[in-house]
Structures are given as structure tokens and as C-alpha cells.
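This report concerns only the one structure given below.
Quick note on labels: first sequence line is chain A, next is B, and so on, each numbered from 1.
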Amino acid sequence: MTYDFNSIEEKWQYHWAKNQTFKASNISDKPKYYVLDMFPYPSGAGLHVGHPLGYIASDIYARYKRHKGFNVLHPQGYDSFGLPAEQYAIQTGQHPAVTTEANIKTYRRQLDQIGFSFDWSREVRTSNPEYYKWTQWIFIQLFESWYNYDSNKAEDIKTLISKFEVEGNAKVNSACDENIDPFTAEEWNNYSSEEQQSILLKYRLTYLAETEVNWCPALGTVLANDEIVNGVSERGGHSVVRKKMTQWSMRISAYAERLLQGLDTIDWTDSLKESQRNWIGKSVGASVSFNVNGYDDIIDVFTTRPDTIFGVSFMTLAPEHELVSKITTAEQKEAVEAYIEKTAKRSERDRMADVKTISGVFTGAYAKHPFSKEPIPIWIGDYVLSSYGTGAVMAVPCGDQRDYDFAKYFDIAIPNIFENADISEEAFASKDNVKITNSDFLDGMNYKKASKRVIFELEKLGQGEGKTNYRLRDAVFSRQRYWGEPFPVYYVNDKPQMIDAAHLPIRLPEVEKYLPTEEGEPPLGRADVWAWDTETNTVVSNDKINNTTIHPLELNTMPGWAGSSWYFFRYMEDTINRDNAFATEDALKYWENVDLYIGGSEHATGHLLYSRFWVKLLKDRGFVTVEEPFKKLINQGMILGTSAFVYRVKPNPPHSSGIDYNQADLIKLTNSFPHSVFIPKGLIDSKFGLKLNSKEHLTLKKLYFDWLEKNGFDVSIFQNSAFMLTCAIQPLHVKVQYINASDELDIEALKTDPEFGADYKDAIFISENGDIIEGNNDVYKVGRDVEKMSKSKYNVVSPDSICKDYGADSLRLYEMFLGPLEQYKPWNTAGITGVHNFLKKLWKLYVADTGLKVNNAQPTADNLKTLHKTIKKVQEDIENFSFNTSVSTFMIAVNELTAQKCTSKDILEPLLILISPYAPHIAEELWEQLGNADSISTAYFPIFDASHLVESSKKYPISFNGKMRFTLELPMDMSKDDIEKTVMAHEKTIAQLDGRTPKKVIVVPGKIVNIVG
RNA sequence: GCUGAAGUGGUGGAAUUGGUAGACACGUUGGACUUAAAAUCCAAUGUCCAUUAGGACGUACGGGUUCAAGUCCCGUCUUCAGUACCA
């Protein structure tokens, strides 16, 4: 019997599905364990071999945990709202729901064939109305919440209203918009309902606000930063400007401190926690208010260096700062407006990245220093971002390098307030060893003392206070797109109103086109049936809008991260119980949160931060009991493609002086040279394209000259002159399917390719020794380079073909074998034969041509040693997520047991359990053949017994000055002194020393001997 | 720019707490089997010098600590990712 992986895998995949082998139960005596993958966006291209990497790792872990006696929840679903489906809809007119459904089918088929132990009964899709009903519901909870810093949690907005009714807003300590006017209880009670709504919006955890976006007037839409290349839109190259737009925002900043503190309670990598810490960006300092001369306005700044306040020689506002237009003097108006227009065209990322170009304009206005009362010139500069802090800085050139460069550039004074600091070349930015001088009451103080004093003095003046600032900004939650969750929001007199949760979901309306409207409204502006009837509580036709009972609905949709910020709770609930809650209390209580979460590091500051935010809100409002969604998190790396290149050479027109010929004619002829000639990478000369007068060069030259002659050009004029024929080289991607393990191109396959064959039909390939390849006389070697897998680079490898040719078990093993899970690594299909051969060897260990070989033979000591060192290593590896080394360990075990001719069931049966998380199909099959009725997934993991690994002797490496010269086998229990004596007496030692007396002999028992001298 | 990560043979990678660098594979070369090919099996394979014995060099680069450094410390370079509307 041979290893027929295709039928074995089909058999077991069918078996698992039919018997619901991996269905999780919410009632169990076993301890629970929740393993989750970041769910995929179902793209039209289907899976490539890079996608399942993390899923294989989590599947191994999930299967391992089952062997270890856990009740495992291991679900999967789809993040099925998103831009690509919408782009496709715009191009083809097909409804995104239709293409998404088709894509999901493909994904499911591809995932199924890899043999994952997913509980598909709990699948979720974010674009399903039964799912997004609850995304809308959570949005309403955010709207109905405010953040109370006194209780340090989110509370029902009703508790805020009660406070307002009794005591106004003076004592309210909450996360809210800046600059809210104070009011008394009496004033509050006299406000109109509309005025009250406006005020409450400034406190709600989701609110409407003006935010800046990248607006592309030509496309009539907002663009993401990465849709903008060099300041213009990626599609079409249209200009983009920054523009303010009213959008929903999430007050995530309210949770900044808790998001920061919570990091200490979760088991994530330090690097990931560090990125979140930096993203949250806590800094402690002071806010300082500067009065603007001649106006009532003040400019608030935040500074981490209040101690340097006497070093301020100017202020810089972001060009978008609201005061700029007001305070700019008539003389400066033109320059300021020109500058603002210029910066509106630069993306924020550009502005942050570019620190070399210094630019700015003086507004003509002055602020008053809070202590010295000196006038301070107010500038604008695009190095100040409106979205960070207050959009204004007090510039201290002697203590901040950017301020210093700005001051130098514009010739602004740089007063030195540091004792013994040299600021002739650069700013003195250190906080250590600071001694303040020229600073009135701060003279002689250090950073800490001076900062404290300044804050004290500022508070006395009422011009500032100590303040903690976070870089974390509130998250914009509106998207001007079609394919996302609709908001459960309608507008009465432009004031947003929530639809009662009882009437959810609000389903996406039909539109005839997925583009923005001509007026620049989002695609939902095209819907005809998109108004809310407050009497029937239904969505009705727009023409019924009367603004009394029927009102317009919100036209924006929610962003991609909305649905993914809570999906892990949905899986906890069985599908049948999902109607009345996002998950029942029992389910939430049982599964708590995700024990192991695996996904890409690109989500470090997006998804992973937003999810934590929503979970904290849901906890505050009493819907869940956990503070953090993901206890342990592993980032998997990316599998990159190994692109293949062929190199097309084209002759450059010769250029020779002193000969009479028509150069223009020659160029024309050369450009129409009809042959496609390809040379292998090894023959490329960086200077001339080909090595001059080499064989391949002469081949090209002959073809070229023949062509010239055929067209009536007399080539003899070049024969005797000293001209050089150089060529241009053009590397072209070719499909990696046509490349074998030795980087050789299957020329025939390329020439008959239905897609590109025509381009290569008459191509001439030259081999490494310079000959034209005809038939099988030689091979063409391609060049290789590692790039991201992408359709356009023809380096995409599909798991379908791998499963068909080698089997899912080979794919699973190989993906793990490639290297550490978290690392980026290139895929090269050639290497898969290694693990495939291993599986064949494994099979042969159990099955001979005549049938099963396994018997009840007594295991030998060697058999037991091999088995137990494998148990130990594999268990350690899985627990450390070091899956690549396990695969090597299996190979070593099988090699050893094959050499030992082991047939003992006592060894081979437990070995199958060790391998089953990695290669479940072959393990199940052999397990069954050994006579087991139940699935191997229910078997208990073998117990490691250290007694089988005890060694009596050790092969000591004997080093001289740290260099290993020979090894010596000595008993393990030999004393240090005896080891030294034995080694020193050894003939090889004497030969090495050559009569010298060693200065020192280091003996580390069980490890090494090092002789120095 | 800022933040995070990575650099070891021809290739993917291994190396416990600082203790024999290159496990395990791929590829390559040679051999067995075969009419031949495939499959399978065996052997060699970091680079350089040497007939052998053996030696020198070697973990991105430059320093340092140590009996001993891929591993620890300082500095430099290169590559990748994120940078708030791709998911």
C-alpha cells in the first residue's frame, strides 16, 4: 500500500465534517481554551500559500490543546465588508454582496482542503445583517455613553443628564470636547431640547465633529493616505486637498490611560506592546495659555518642557489652526494664504517624514509671554500638525532641534537658558544635567524642579496647568463608502437621532451605482428608499421626507474596523441563540476572552487597539465581564513570493563617429528589431548588457546585423571600425509555475501559455554557455528575487495546486518548516519535496507493500529514547510556538526509528499523536489502521518519561584558547579534577600544547573543557 | 522623520543560561538500481590552503567585555513593516 494522500485527506475531511468532530460545546467539565485567528477578508483572488500560515499554527495549537484535555473553541469567519469588493462593484456594476458571497465560497473550499479543525457552525460574516445588527447596537451604546473620569469608566448618558439638571457642568470630570462653555443647572433646564442635544454630543463616546480628510474633488471622494501617491490620487492622478468634513468620531482618547495600563496585564510580545505604548504616546507636561496681543483670543499650547518657558522666542501654529485667518495682519495676509494653500496639498505623512525642508510664514501677530510679558512673534509652519495636541507650539529654539532649525532658517533669536550649554551648532535637548539660567525665578533649578515651579506659577496666573497629553487621537468612524455597516442614525434638523435598538438591523439600501453622487455625497445618497419613518419605524422612500415624522438617514457607513472590533464575542454563542443578544451571558461567562490570538503585526495599532477600546466600553456598560479581549497574542510573519525573471536583451543602435551613415534610419530600424532574445542572469554584464564578444553577444550581433542587412542597411561600415554593440536589458516576470527546483525555465510551457504564450512564441533563449536553446540541448536559468506575493508579479502560489500535488499534510508541514512563525520568509515550492518525502517515510514506517508492519514487539531502549526525546522536544516547541523545529524533530525521529527498524506499537502509536496536530490526515488514517475506533483528536498526549534519556557518558569538546580541537568521551559522573587529569594526560592534548604549560584549564562538567595558554 | 522588527553556507533555516557554528531540509556533485527516465537508496557538500595529517578564515560591518560571543555591551550600515480612510 502506498501513501495515497489525496484519498486519505478527502476521507478524513469528510469524516470530520460529517461527525462534527471539532464542534465546541458551551457546557463541558474540561477547562476551556479559545484559539482564534484574525479572520480573513475574502478577496476575489482567493487564498495564496501565505494566507494559511497563521491558521496552520493556530490549528496545531488548538489540536494540541484538545490532546491535552481542553474544551477548545476554534472558530472562523469573514471580515466581509471592505473596499476591494466596492471597487469591483464600481468597475463591474455587480453588487458587492454577490461577489462577496462567491469569494467566501472559494475561501471555504480552500480552507476545507487544508484540514483545519474549525468549528464552522459558529461562523460569522460582518456583512450579514444578523451580525451587523449588533455592530449597530454597539454604536448606539457608544452614543448613549459618556466617560466619567471620577469613576474612571463609561456610564449611561442619563447619569450625565441628571448631573446637569442638579449642578450644571462645572463639577463634571469627563472626557469631552475642548472649550465647552460652563453652565448652571438652571441654565441647563432652560435650554431647548435641541440645545441640550448639541451639548450632550460633546460628551458622548461617539460624536459628530469636523475632521480633516484627504478630499479628491475629481473623484468626489475621500482617499486613504495610501491611495495617495506623490500628492495625487493613485487612481487617475487627480489632485488631493485636505478638507474639513463633519464625521462620526469615537472618543477612544477617553480610554488612553486604561489602554496603556492594560498592556501590563496581557501576554503580548514586548515589541507589540511598545508600538501600542508609542501610539498612545503619553507625555506629561503643562498646558500654557498665551494671550494674543490686540485680541481677546488665547493660544493654548502643550509642552513637555515647561521649565524652558523663558527660552520661548516665537510660537508656531499649524497652518490649519483656527486663529490663523483672524490674527494675520494685512501685510502678511497674502503670504499666509499662499502658504496655507500649499500645505493643504501635502499629506500629513509627508509633513511628518520631511524634516529637512523648513518652511513657514510670519503672521504679523504677537502673543504675550505669560511671565516676561514680552511680545512673541506668531508664525505658522507645517511641521506643526493640527491633529496633535492643540495644533500650536511654544518654540524654544535652544532646547528643541526642530525649533532651533526653524529659528536659524528664519533668523529668529535663539536665547540660551541653559547654563554651560553650547548651542552654537545644535539645540540642547537633554532633560538631564540641566541648569536653568536667564529665567527669572527659575535660575539655578534643574528640569524637574523648574517644571514644577512653572506649573505652580502658571496656575497662580490662571494661564496654565500641569497636563498629561496623549498622542492617541479620537478615531474617525465615518466612511464615504457603500460596502459597510449603515449607521442606525437619522437627522432631525441636522441633529443626529438614534433608531431604537428594537428596530435593528438597518439594512444597506439598494443603489444603482456605487459611486459618490454628483454633489459629492456618499454612495448612500443615491438610494431612493433611505428615510426613517418615526411612526412606523421603518425605512421608507426619500420622497416621503417631511421633516416632522419622516427624516433623512445617515449617508456614511462604518469603517472596516467596526465589525472586527467585537467579532470574537459572537463566536462564543451557538448560532441558534444569537437572535436576542450578541452573545448570551452564559456564553460570555464561560469563554471569557480569547486565550490565544494569532494574526499579522500590521494590525498592531489599528484593529488591536480598537478591539481593546470596545471591550472596555462593553465592560463598563455591563455587557461583558472582561477588560481585555486577547490574553495572549502571536504575530505571524508573511510568506513572500520568489519571483522569477527572464532577461530580454535589445541591441542599442551603434554609434560610431567618422563613418558616414544615417543615424536616424539606424535607430528606427533598431527599434523595430523583431526578435525577443533572452539571456540567463549569469550572462548579464552590468555595463554593456552582455559581455562584449562573448558567444551570446555574437549570437545577438548576428541576428541584429542580419536584420539590418535584410532591410537594406549596409553593415559593412561597422566591420572595421571600433564601435561597441551594447544592449539594453529588461527583466520580465514569468509565472513561477514554469520554474523547476533548479531555477530552470520550462520554455515549451511558457510558449504555449494561453495568457502570454503569444509574446514568447518566437522568442530565442540563450543558455549559460552562449548557445541558442533548441529542443532539450540545454537549459535556461531564470533570475530570482523575493517580493510580496502579488498577481502582477506572477509569483503567487495557490494552496490548491500544492494540496493536489503533495497533499494538505505536506502543505501544513512545509509552511511550518519554512522558519519561525513570526518571521518574514520567502516561499519556494521546490523545498516541499523534503517534507513530502518525510511523510512517505513515515508511512513506510507503518505500512509495507504487503500491509501493516506494526506489531506488539517490546520497544528497545533506543526506541524509547527516540520517542521520549521527541515527546519532550515537540511539547516544548508547541508551547513556545516554535513549530519549525518540531518538524525537524519529527524527521529525526522517523530517520532514527527507520534505522532502528522499529515496528513496536508502543512506540509508533504515541508517535502518531505527536504528529497529528501537524499532519492530521495521515495521523488519523494510520491511527485507524492500528485499530482505533475514535478520532485521534480525542487521544491524550503522550507523557514524557525522563528516565529513558539518562546518559552515562558525555562527548566533551576539548578546546584550546576557545577553539575546539577534538572531542573526548568521558563518564557523566566524573569529577572536575578527574576530567582535568584525564584530558591533560591525553596524547592529543600533549600534541596540541607542544611542550607549553597551560596558564589555566577551565572545566565545566557536562559541558566543555577549555585549555588556555 | 518617528516607531517596531530582521541580517548565519548556493537556498530555507538550527544552535537551552555565553560553552563543539551550520542540526533538519532544499539544491548541487558523484555512485547504486534501470534499456532509459521517474521513483528510491548510498556518499560528499561553509570558504580558502594542503596529497594526507592538518591548518587559516567564517554568523551584515567596526570596536569592546570574557577562559569562551551568532548569543552580552557601544557605534555604523542595509532590508522589511506600521505611520491613523487598504484589510
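- Distances shown here put every side-chain N or O of A:K955 at or beyond 4.0 Å from the OP1 or OP2 atom of B:rU20.
- Contact annotation for A:W561: no contact, since no heavy-atom pair falls under 4.0 Å across all strands.
- Classification of B:rG9 as syn follows from a glycosidic angle within 90° of 0.
- Of all nucleotides present, only B:rU45 satisfies the Watson-Crick or G-U wobble test against B:rG27, with each distance under 3.5 Å.
- Rounding to whole angstrom units, CG of residue A:L608 and P of B:rG4 are separated by 17 Å.
- For A:N278, the side-chain atoms get nearest to B:rU3 when compared with the rest of B:rA81, B:rG12, B:rU3.
- Between B:rG10 and B:rU47, the distance separating the two P atoms is 7 Å to the nearest Å.
- In this structure, the nucleotide among B:rG12, B:rU40, B:rC67 sitting nearest to the side chain of A:K840 is B:rU40.
- When Watson-Crick and G-U wobble pairs are counted only if both distances are under 3.5 Å, B:rU40 pairs with B:rA32.
- Along RNA chain B, the nucleotide nearest to A:I1002 and the one nearest to A:P820 differ in position, and the one closer to the 5' end is contacted by A:P820.
- Side-chain proximity of A:N837 to the nucleotides B:rG4, B:rA25, B:rC26 is greatest for B:rC26.
- B:rG19 sits 11 Å from B:rC72 when the P atoms are compared, rounded to a whole Å.
- Distance A:K963 NZ to B:rA21 P: 10 Å, rounded to the nearest Å.
- Nearest to the side-chain atoms of A:I1008 among the listed nucleotides B:rG19, B:rA14, B:rG12 stands B:rG19.
- Here A:S564 lies out of heavy-atom contact (under 4.0 Å) with every strand.
- Salt bridge A:R277/A:E274: present, at least one basic N to carboxylate O contact under 4.0 Å.
- Base contact: A:V213 has a heavy atom under 4.0 Å from a base atom.
- Contacts of A:G560 with the nucleic acid, taken as non-hydrogen atoms under 4.0 Å apart, are absent.
- A:F817 comes within 4.0 angstrom of a base, heavy atoms only.
- For the pair A:K825 and B:rA6, the criterion of a side-chain N or O lying under 4.0 Å from OP1 or OP2 is not met.
- Of the candidates B:rA87, B:rA81, B:rC41, B:rA81 carries the atom nearest the A:Y824 side chain, counting heavy atoms from C-beta on.
- Taking every side-chain heavy atom of A:V222 into account, B:rC85 is the closest of B:rC85, B:rU40, B:rC26.
- Dashed line: the shortest gap from a side-chain N or O of A:R471 to OP1 or OP2 of B:rU3 is not under 4.0 Å.
- Contact check on A:E896 versus A:K869 returns a salt bridge, with a Lys/Arg side-chain nitrogen under 4.0 Å from an Asp/Glu carboxylate oxygen.
- Checking B:rA87, B:rG19, B:rC24 against every side-chain atom of A:M891, the shortest atom distance belongs to B:rC24.
- Between A:N895 and B:rC24, a side-chain N or O to OP1/OP2 separation shorter than 4.0 Å is absent.
- Counting only heavy atoms from C-beta on, A:I892 has its side chain closest to B:rA23 among B:rC86, B:rA23, B:rG19.
- Comparing the P positions of B:rG70 and B:rG22 gives an interatomic distance of 12 Å, to the nearest angstrom.
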Evaluate the criterion side-chain contact (heavy atoms from CB on, under 4.5 Å) for residue pair A:L223 and A:V240; output intermediate values, then yes/no.
CA-CA 8 Å; A:L223 298 178; A:V240 177; 3.8 Å; yes

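- Nucleotides B:rU20 and B:rC26 have their P atoms positioned 26 Å apart, rounded to a whole Å.
- Between A:E212 and A:R242 there is a salt bridge, since a side-chain N of the basic residue sits under 4.0 Å from a carboxylate O of the acidic one.
- Look at CZ on A:R479: it is 12 Å from P on B:rA84, rounded to the nearest Å.
- Under 3.5 Å, the side chain of A:E86 and the base of B:rC86 form no donor-acceptor pair of N or O atoms.
- Nucleotide B:rU11 holds its C1' atom 8 Å from the CG atom of A:N828, rounded to whole Å.
- Relative to the side chain of A:V1012, the nucleotides B:rC41, B:rC67, B:rA14 differ in distance, and B:rC67 lies closest.
- Using a 4.0 Å cut-off between charged side-chain N and carboxylate O, A:R351 and A:E320 make a salt bridge.
- With P as the reference atom, B:rA53 and B:rA37 are 34 Å apart, rounded to whole Å.
- Here A:Q247 lies in heavy-atom contact (under 4.0 Å) with a base.
- Tested against A:F81 for a ring pair (Phe, Tyr, Trp, His ring centres under 6.0 Å), the candidates A:W561, A:Y132, A:Y482 yield a single pass: A:Y132.
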Chi angles and distances behind the ring pair (Phe, Tyr, Trp, His ring centres under 6.0 Å) call for A:Y78, A:Y41:
CA-CA 6 Å; A:Y78 306 97; A:Y41 173 79; over 10 Å; no

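- Between the CH2 atom of A:W827 and the C1' atom of B:rC26 there is a distance of 13 Å, given to the nearest Å.
- A distance of about 14 Å separates the C1' atoms of B:rA69 and B:rG63, rounded to the whole Å.
- Per the geometry, CG belonging to A:N961 stands 8 Å off C1' belonging to B:rC67, to the nearest Å.
- Look at B:rC61: its Watson-Crick or wobble partner, with both distances under 3.5 angstrom, is B:rG75.
- Distance A:M964 CE to B:rC67 C1': 17 Å, rounded to the nearest Å.
- Across all strands shown, B:rA50 forms no Watson-Crick or G-U wobble pair with both distances under 3.5 Å.
- Of the two residues near RNA chain B, A:S959 and A:K872, the one whose nearest nucleotide lies more 5' is A:K872.
- Counting only heavy atoms from C-beta outward, the side chains of A:M250 and A:Y610 never approach each other to under 4.5 Å.
- Note: CG (A:L949) to C1' (B:rU16) measures 15 Å, nearest angstrom.
- Put simply, the side chain of A:W827 reaches to within 4.5 Å of the side chain of A:M789, judged on heavy atoms.
- Between A:Q823 and the phosphate of B:rA5, there is no side-chain N or O to OP1/OP2 separation shorter than 4.0 Å.
- Using a 4.0 Å cut-off between charged nitrogen and carboxylate oxygen, A:E980 and A:K976 do not count as a salt-bridge pair.
- Of the P atoms belonging to B:rA81 and B:rU76, the separation is 23 Å, rounded to the nearest Å.
- If you check B:rA81 for Watson-Crick or wobble pairing at under 3.5 angstrom, you find it paired to B:rU3.
- Nucleotide B:rA68 has no partner under the Watson-Crick or G-U criteria, as no pair reaches both atom distances under 3.5 Å.
- B:rC74 sits 32 Å from B:rC48 when the C1' atoms are compared, rounded to a whole Å.
- Listed nucleotides: B:rC86, B:rC26, B:rU20. Nearest to the side chain of A:A224: B:rC86.
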